[in-house]
Amino acid sequence: MRRTRIFYPRSRPQVIDQFLRFGVVGAFGFFVDWGSVEALRPEIGLIAATIAAYFVAATVNWILNRAWTFRTSAADNQHLILQWLRFLIANSFGFLLNRGAVFLLYAFVPFTVHHPVTALAIGAGCGMMANFNLSRRLVFRAKIPETPMELMQMAVEIPAAGLTSPDPEPQMPILQPTMEPFEHKAP
């Protein structure tokens, strides 16, 4: 039994194209992130500026990804604010990887406190794959899952490889033992 696929696009070249576009948008978002940190740092400090800059950059990335990267699957029927919130929630794991790396570098590499661009670049690299996969699977999809089963399938399908969970194997009859229990006799 072949399961239906609910992601767009399905072919490897289309996924690679999306990933490259996502990377270009991410590079632009990195510069927005860095510029925001530098602009906000004198006013609110490095830590608060780093957190606030993430949300500025994430919003710019969401707009560009919606308009360019995932334009064919952005589902125009989705409410913009809800899709933006879903983007932020879906990328929260990427946020933890990204900002976790940034804050660890701030804590253990003093150079990065004076030059946050280094920590921000490393953090962006740490969160990129997670953000791409989560954005593609949970935010920008051609079809919104209609049933819990479709949502579950979406969670276990690996779209880049074209794999789905395997079909169950047929049941084999259980063989009953025919031998009498072994009795141990003392010598």
Side-chain angles (χ1 to χ4, degrees), residues 7-9 15-142 144-145 151 154-156 158-160:
F7 297 116
Y8 179 88
V15 173
I16 291 170
D17 179 60
Q18 271 190 343
F19 181 74
L20 293 175
R21 288 173 186 251
F22 190 84
V24 169
V25 168
F28 183 76
F30 162 74
F31 287 109
V32 170
D33 192 15
W34 178 29
S36 298
V37 168
E38 293 299 334
L40 294 172
R41 183 179 184 177
E43 300 298 320
I44 60 176
L46 180 61
I47 302 301
T50 300
I51 293 171
Y54 176 84
F55 292 102
V56 172
T59 300
V60 169
N61 283 1
W62 167 72
I63 292 167
L64 294 175
N65 279 319
R66 179 178 169 79
W68 188 49
T69 307
F70 299 105
R71 71 185 177 280
T72 57
S73 61
D76 292 330
N77 61 348
Q78 295 183 46
H79 190 277
L80 290 177
I81 300 298
L82 294 177
Q83 188 183 53
W84 174 73
L85 289 172
R86 193 169 44 252
F87 181 79
L88 292 178
I89 292 168
N91 289 302
S92 60
F93 181 66
F95 169 81
L96 293 175
L97 293 173
N98 181 321
R99 287 315 194 236
V102 170
F103 290 133
L104 283 173
L105 288 167
Y106 285 170
F108 295 108
V109 182
F111 172 81
T112 60
V113 172
H114 302 292
H115 305 283
V117 65
T118 307
L120 294 170
I122 292 169
C126 289
M128 184 176 177
M129 284 304 293
N131 285 342
F132 174 70
N133 285 321
L134 292 168
S135 291
R136 187 167 184 274
R137 289 177 179 224
L138 300 176
V139 182
F140 302 108
R141 56 184 182 261
I144 298 171
L151 181 61
M154 179 177 63
V156 297
I158 304 170

key: Steps toward side chain to side chain contact (heavy atoms under 4.5 Å, CB included) verdict (Gln18, Phe132)   = CA-CA 9 Å; Gln18 271 190 343; Phe132 174 70; 4.1 Å; yes
message = Ring-plane angle category for Phe103 and Tyr106, please: parallel below 30°, perpendicular beyond 60°, tilted otherwise.
response = perpendicular
request  = Determine whether more than 12 heavy atoms belonging to other residues, nucleotides or ligands lie under 6.0 Å from atom CZ of Phe55.
outcome  = yes
remark   = Heavy atoms of Val56 and Ser36 approach each other most closely as CG1-OG, 3.5 Å
Exercise: identify the closest heavy-atom pair between Gly29 and Ala57 = O-CB, 3.5 Å
task = Please report the C-alpha distance between Ile122 and Val102 in whole Å, then the side-chain angles of each, then the deciding distance to 0.1 Å, and finally whether the side chain to side chain contact (heavy atoms under 4.5 Å, CB included) criterion is met.
result = CA-CA 7 Å; Ile122 292 169; Val102 170; over 6 Å; no
request  = Locate the shortest heavy-atom distance separating Ala53 from Leu40; write the atom from each residue and the value.
outcome  = N-CD1, 4.5 Å
task = Please tell me if the side chains of Ser135 and Asn65 come closer than 4.5 Å, counting only heavy atoms from C-beta onward.
result = no
message = Side chains of Val117 and Glu38, heavy atoms from C-beta outward: is any pair under 4.5 Å?
response = no
Close side-chain approach of Val37 to Leu46, heavy-atom, < 4.5 Å = yes
key: Criterion side chain to side chain contact (heavy atoms under 4.5 Å, CB included) on Phe31 and Val60, from CA distance to verdict   = CA-CA 11 Å; Phe31 287 109; Val60 169; over 6 Å; no
message = Between Thr112 and Leu105 (side chain of the first, backbone of the second, donor and acceptor by atom type, cut-off under 3.5 Å), is there such a pair?
response = yes
task = Give a yes or no on whether the backbone of Gly94 and the side-chain of Asn98 come within a donor-acceptor separation of less than 3.5 Å.
result = no
query = Atom CG of Asn61 and atom CG of Leu88: how far apart are they, to the nearest 0.5 Å?
reply = 10.5 Å
key: Distance-minimising heavy-atom pair for Arg41 and His114   = NH1-O, 4.1 Å
ask   = About how many Å separate CH2 of Trp62 and CG of Leu85, when rounded to the nearest 0.5 Å?
value = 9.0 Å
key: Any Arg99 side-chain heavy atom under 4.5 Å of Ile51 side chain   = no
key: side chain to side chain contact (heavy atoms under 4.5 Å, CB included) assessment of Met128 paired with Phe19   = CA-CA 10 Å; Met128 184 176 177; Phe19 181 74; 3.7 Å; yes
